[in-house]
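Here's the structure, in structure tokens; my notes come after.
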Amino acid sequence: LPPVKQRSEFDALMSKTWLYDDLFFPEWMTGEWEATSTRTSFLAPQGPRFLSGPSGLRTDVAAATIQEETSKIGQVVGPYPLRWLAFPNPSQ
């Protein structure tokens, strides 16, 4: 993975203690990994109008997007690099 570009990005994350409220990962996940994932479904919870271009009126664009995305179900993506960073838990 490329090096971290700006230390300030992580300083900003560290200042937001709300990030730690409900998302914890085991320490052994820290580091760099090679990952793969498999698409298991496709959902458009806001409906096709959000898939149909800036105006929301292009139903042909929405239909093509839905068809393309559902055709990818079952496909494996990767491998791709994944990095988990360790941050101190401010509640401890």
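Residues: numbered from 1 along the sequence shown.
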With a 4.5 Å cut-off on side-chain heavy atoms, are [Y] and [X] touching?
{"X": "Q67", "Y": "T65", "value": "no"}
{"X": "Y80", "Y": "S37", "value": "yes"}
{"X": "T36", "Y": "P79", "value": "yes"}

Legend entry - By side-chain hydrogen bond (donor to acceptor under 3.5 Å, both in side chains) - contacts of R49 (at least two apart):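 Partners of R49 by the side-chain hydrogen bond (donor to acceptor under 3.5 Å, both in side chains) criterion come out as none, since no residue qualifies.
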Legend entry - Set of side-chain contact (heavy atoms from CB on, under 4.5 Å) partners for P26, sequence neighbours left out: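 By the side-chain contact (heavy atoms from CB on, under 4.5 Å) rule, P26 matches W28, M29.
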Inset, instruction - Kindly compute the distance separating CD1 (I66) from CZ (F42), expressed to the nearest 0.5 Å. - result: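 Answer rounded to 0.5 Å: 6.0 Å.
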Legend entry - Other ILVMFWY residues reachable from V76 by side-chain steps of under 4.5 Å: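 Via sub-4.5 Å side-chain contacts, V76 links to none.
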Legend entry - Closest approach of P48 to A62 (non-hydrogen atoms, all atoms of both residues):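 Where P48 meets A62 most closely, the heavy atoms are O-CB, 3.5 Å.
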Legend entry - Shortest non-hydrogen separation from L51 to A44 and the atoms involved: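 Nearest pair, atom of L51 first, then A44: CD1-CB, 3.8 Å.
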Inset, instruction - Keeping to residues at least two apart or across chains, list the salt bridge (Lys or Arg N to Asp or Glu O under 4.0 Å) pairs with something in residues 52-61. - result: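 Found R58-D60.
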Inset, instruction - Any pair with a residue in residues 36-46 that passes salt bridge (Lys or Arg N to Asp or Glu O under 4.0 Å), sequence neighbours left out, goes on the list, sorted by first then second residue, please. - result: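 Found R39-E69.
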Inset, instruction - Quick one: list whatever passes salt bridge (Lys or Arg N to Asp or Glu O under 4.0 Å) with E68, sequence neighbours left out. - result: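 Expected list: K72.
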